[in-house]
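Both counts, for ligands and for their atoms, begin at 1 and track the order of listing.
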Amino acid sequence: MAHSKPARFLDLAALFFWVVLSSIRVCAQSPGQALRDAGVEARVEALVKQMTLEEKVGQVIQRDAGGSLTGPGRGGSGWDSMAARGEFGSLFNLTNPPWINAVQRAAVERSRLRIPVLFGLDVIHGFRTTFPVPLGMAATWDPSLVERAARVAAEEASATGIRWTFSPMVDIARDARWGRIVEGAGEDPYLGAAMARAYVVGYEGARLDASDSIAACAKHYVGYGAAEGGRDYNTVDMSERTLRQVYLPPFKAAVDAGAATLMSAFNSLNEVPTSANAFTLTRVLRDEWKFRGFVVSDYDAINELIQHGIANDARTAARKAFLAGVDMDMEDGLYGNLVELVRSGAVPEATMDEAVRRILRVKYALGLFDRPYVQEAPRSAGIKAEHRELARQAAEESFVLLKNDPARNGAPALPISEGARTIALVGPLADSARDMLGSWSTSASRPEDVVTLRAALTARCRERHLNLLYAPGTTVSGQSESGFREAVNVARQADVVLMALGEEGTMSGEANSRTRLDLPGNQEQLLTAVAGAGKPVVVVLFSGRPLALTSTLPHMSALLEVWFPGIEAGPAIVRTLFGDAAPSGRLTVSFPRTVGQEPLYYNALNTGRPAEGLDLTHPPRNAAERYHSRYIDELNAPLFPFGYGLSYTRFAYSPVTLSATRVSARTLNSQNGASLRVSAEVKNTGNRAGEEVVQLYIRERGTSVARPVRELKGFKRVALGPGESRRVEFTLGRDELAFWNIDMQNAVEPAAVTVWIGPSSAEGPQAQFEITE
Ligand code: BGC
């Protein structure tokens, strides 16, 4: 029956107040809650009801603008005309506010239902302010700093109209050959989960609908980092238990923190491509985790289902990906097939509606319907001072001091002694601004924003009246030795030699797998030649992955791993070398002795024939030495273990104290917050201030499935002045002690538990406790 006029007026008034109220409610919500908001839901539902099939299909399509306003629309028209026709729901790689507004205006003012476009970009480690690469950010072991850096990235990106970043990459990576190890947090799921949370909270802020918040995208779902042989895009095969125990936790943490989107991956997982994997995309993500945002495919990943061999044509590829749970198609243009697929009944319209709901939900939660445009007024052109300051702090916290031997006067090579009057700076990375940005810098980041090591060192030497001699010596990948003589020459004249060695910024990242992990080109020969001058050699190592440094290490007095530090590379390195800042980063990836040890990770299983206690420095001499899980030509241990990093001071650990030595599995499983407290006193025994990353590890024995020899279950960064000590306490409860058992239940089991509190995965005092029935 038709409504009478007054009734319709009341309806409209109610709707009006409800919209106002619900938008106020959304404002007060965390990003995760915004995806569950009843008000948003009602608006989504009302809109979906009005949509034609073509309009729905438009929403599940994402296009790559490639930095240009000219789109591939019919008749050569631009993105704006396509937006007016509702031909895509999202566009990425457009960073110019007037262009973004032009496309948005077409969508909001000319399309039938006025649905705004969601603009995305790979904002990976900063937008204009480039921070250290993610592997470096993880080495800070400082989630609050990572969160602040992500916030800065969100503020800068959103100011150009970007409301969605394809970050964080939360893939666990245990193989240094894989180039994308640089984009994640390393090999550990506990640390990976902490970093995932920090990025999501930083990007999405307190309110997703704030104009300076951007939606996060946890990627690449899932298992991508386990590519066989470390070769990008390669096959991944693992047990469901390993998947759940190691590779899923950072994604789960991102979802629980409110991540609005996920990206499916390129790889197959147990023979099913992850962009058509209903088990991971629907059963785990939707049914178990109750994820309410949407999933976008990785670039061309749906089309690649044909190469994977599970579809013989585009239509089938689109159907399989969509039915498995990929809601939006990134650029491969196959979801256009969904109109016909739905019409023919091959894809239920209800599935289409659900995908559209998920996408619209995120758009509403972002406030895009209410505030679709970005402000075009000119903003200050430069980088804010506080953003630069944070970039420097992040870089300093990310540096890992791997070696610091005494130089000739008996004092450690670092910090550089007051007595050093002449400094030689050698190496191909000393003055390369572009490399400092690492892989995945945005179109907004600029080499001219970078202060290189050479520039910062020149300023410091001028200020302190020191002599600085500079000779690059070689290029990163070059073979020519023509620059060696000059390099050796400056080394001879110096009191200390700083060598900036490593990889180019773009030698890691996507499609950059390596089979060799040594220094590229002839840098090792340069190092050997320069070391021959007999002066202390401090290597500043730039890399996007662990390198195998066994043969080069003896030529170095000190080694500082600095990853790719971003715009404040130079000032951060100089302040660290001179002792204004003390290195406090710790490795989140194991550094191998040789590439043949890869994949290499600390949290491995013990095996039935562990080599523990054996002297592996020589080949086995008899059966007792041979039949162990070992190599005949190399140690098992990494060159530098997970969690490792020196400081300019020393820290001592007291014995570990437990609040109880027995705790029952039943109590822990009941989830009533039952826990055990574990602590140790950490003391700065040196004469300089420093920060220690105190790490807690456990090992469980006697369980239904084999558990790793050590697992990180807590960490805290503590600053201690000389002589100062502090008791550092952790709690172990269900979250820390449960695992996926023989029945594929996540539960705490009776076990004998060893717990360590120490400075890395290879050291620290231990204590034991028992988990009873
Ligand atoms: C990468 C993703 C990235 C996407 C969009 C792909 O090649 O694997 O990580 O987000 O491109 O640029």
Could you tell me which atoms of ligand 1, counted from 1 in the order shown, lie closer than 4.0 angstrom to a heavy atom of K219?
-> 2 (C), 3 (C), 9 (O), 10 (O)
One finds that the ligand 1 atoms under 4.0 Å from a non-hydrogen atom of F92 are 5 (C), 12 (O)
Might you work through the ring-ring contact (aromatic ring centres under 6.0 Å, His included) test for F642 and W141, ending with a clear yes or no?
-> CA-CA 12 Å; F642 176 87; W141 294 64; 5.5 Å; yes
Nearest non-hydrogen protein atom, atom 4 (C) of ligand 1 = D298 OD1, 3.4 Å
Kindly state whether the ring of W178 and the ring of Y224 have centres lying under 6.0 angstrom apart.
-> yes
Parallel, tilted or perpendicular for F92 and Y299, by the 30°/60° rule?
-> perpendicular
Per-atom filter on ligand 1: closer than 4.0 angstrom to a heavy atom of F166 are 10 (O)
Note: M330, heavy atoms under 4.0 Å from ligand 1, region reported as side chain
Is the count of non-hydrogen atoms from other residues, nucleotides or ligands lying under 6.0 Å from Q307 atom CD greater than 12?
-> no
heavy-atom search around atom 5 (C) of ligand 1 in the protein gives D122 OD2, 3.2 Å
More than 12 non-hydrogen atoms from neighbouring residues, nucleotides or ligands closer than 6.0 Å to CZ on R434, yes or no?
-> no
So is E183 close enough to ligand 1, meaning a heavy atom under 4.0 angstrom away?
-> no
N or O pair under 3.5 Å between E510 and ligand 1 | yes
Which part of R180 is near ligand 1, with near meaning a heavy atom under 4.0 Å away: side chain, backbone, both or neither?
-> side chain
Got an N/O contact under 3.5 Å between W440 and ligand 1?
-> no
May I ask you to check whether H220 has an N/O atom sitting below 3.5 Å from an N/O atom of ligand 1?
-> yes
Taking 4.0 angstrom as the limit, do K219 and D298 come out as a salt bridge?
-> no
Is D287 atom CG crowded by more than 12 heavy atoms from other residues, nucleotides or ligands, each under 6.0 Å away?
-> yes
Partner of F251 under ring-ring contact (aromatic ring centres under 6.0 Å, His included), chosen from W289, F291, Y221 = Y221
